[in-house]
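Remarks on the structure that follows.
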Amino acid sequence: MSATVEFARMNGLGNKILVVDMRGRPDRVTPAAAVALNADPQTEFDQIMAIHDPKAEATDAFIDILNSDGSKAQACGNGTRCVVQALAAETGRKAFTFQTVAGILNAVEHEDGTISVDMGKPVFDWDRIPLAEEFHDTSRIELQIGPIDNPVLHSPSAMSMGNPHAIFWVDKDVMSYDLARFGPLLENHPMFPERANITLAQVTSPTSLTTRTWERGAGLTLACGSAACSAAVSAARTGRTGRRVTINVASAKPPATLSIEWRERDDHVIMTGPAEWEWSGRVDPSTGLWSRDGTREVEAQ
Ligand SMILES: N[C@@H](CCC[C@H](N)C(=O)O)C(=O)O
């Protein structure tokens with residue numbers, strides 16, 4: 001078995017993704033390799049999407065998802081679009097079915113290059129999100145940050161989109177909040193036994209939202225697809241919008257949008273948006289030592 005595998009540096013709306021090809025081998029990208037890759041400014045990332053041989057019938061691949069702190073994630077919307085683009089370029093196929101620890105995902109690349117991912121059904125049960133306390137209604141849970149009588153953020157909608165999310169509704173520009181300060185406190189709040197992705201969402205019309213996310217295991221990122229899906233579902237669930245919205249991802253570079261539909265007929269959430277290939281190379285999945293295509297040397301960590 002070769003020590004190194006192919007990887008591609010990609011992004012989904014600026015969400016930094018490394019797509020690592022682990023097909024044909026039994027090992028996994030290690031947390032140590034993830035941490036080493038993230039420590040290097042050239043390969044720092046938000047998520048690794050490791051493509052493995054399929055484990056279930058009628059699936060094309062098993063996808064293992066790692067955050068930049070080396071922890072595992074159950075879902076990654078922007079990363080899934082990157083995987084689709086990479087596999088579509090390799091195979092000429094347009095439609096794929098993936099398995100993740102959270103379940104089966106179907107995805108398709110459209111003629112215009114955008115990619116739709118069926119992210120599955122949202123989960124609202126408090127113990128499946130999971131939350132530490134029982135809430136009959138998770139669309140508005142008791143949680144706040146800031147002065148007790150004048151909280152900066154409060155009463156988020158909580159849900160799972162395969163991974164845990166808390167959506168805080170705000171009236172002001174999402175960029176005006178100190179999310180770098182509040183994000184880690186909320187991600188690690190005792191309310192979230194498996195930590196949570198923390199999103200600020202501003203409703204801008206019955207069909208649009210602006211979001212900004214502090215990601216579990218990755219911190220402030222330029223975009224988060226599963227958070228955009230969670231904000232869209234939570235907005236519709238609480239009567240703030242309809243079931244089809246455009247998400248303006250506030251920190252995406254360049255500014256960009258995702259289209260999200262929470263389908264009435266089967267409860268599934270469909271996310272549509274772009275993916276971008278940047279460059280490729282080879283990486284040792286156990287150590288994170290890597291080289292860029294066209295160069296000879298393994299880069300120092
Ligand atoms: N950027 C991702 C979300 C990645 C997973 C998240 N940090 C977690 O631990 O749940 C996306 O686009 O969905």
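Atoms within a ligand are numbered from 1 in the order they appear, just like the ligands themselves. For reference, positions follow the sequence shown, starting with 1. Every value quoted in this text rests on a predicted model; they were computed, and no experiment measured them.
Ring-centre distance between W214 and Y177: not below the 6.0 Å cut-off.
Ring pair F192/H189 is perpendicular by interplanar angle, where above 60° counts as perpendicular and below 30° as parallel.
For ligand 1, the polar-atom distance check finds an N/O of G225 within less than 3.5 Å of one of the ligand's N/O atoms. Considering backbone and side-chain N/O of Q74, none are found under 3.5 Å from N/O of ligand 1.
Contacts with ligand 1 closer than 4.0 Å are made by no heavy atom of P164, backbone or side chain. Contacts between A218 and ligand 1 below 4.0 angstrom, taking non-hydrogen atoms only, are absent altogether. Heavy atoms of R195 found under 4.0 angstrom from ligand 1: none, in either backbone or side chain. Both the backbone and the side chain of N78 come within 4.0 Å of ligand 1, counting heavy atoms alone. Contact annotation: for N67 versus ligand 1, heavy atoms closer than 4.0 Å belong to the side chain alone.
Between E134 and D127 the shortest side-chain heavy-atom distance does not fall below 4.5 Å.
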Exercise for review: Kindly determine whether R23 and E90 satisfy salt bridge (Lys or Arg N to Asp or Glu O under 4.0 Å), including the steps that lead there.
Suggested key: CA-CA 13 Å; R23 288 172 293 180; E90 175 192 298; 2.7 Å; yes
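Here the heavy atom of the protein found nearest to atom 6 (C) of ligand 1 is N197 OD1, 3.2 Å.
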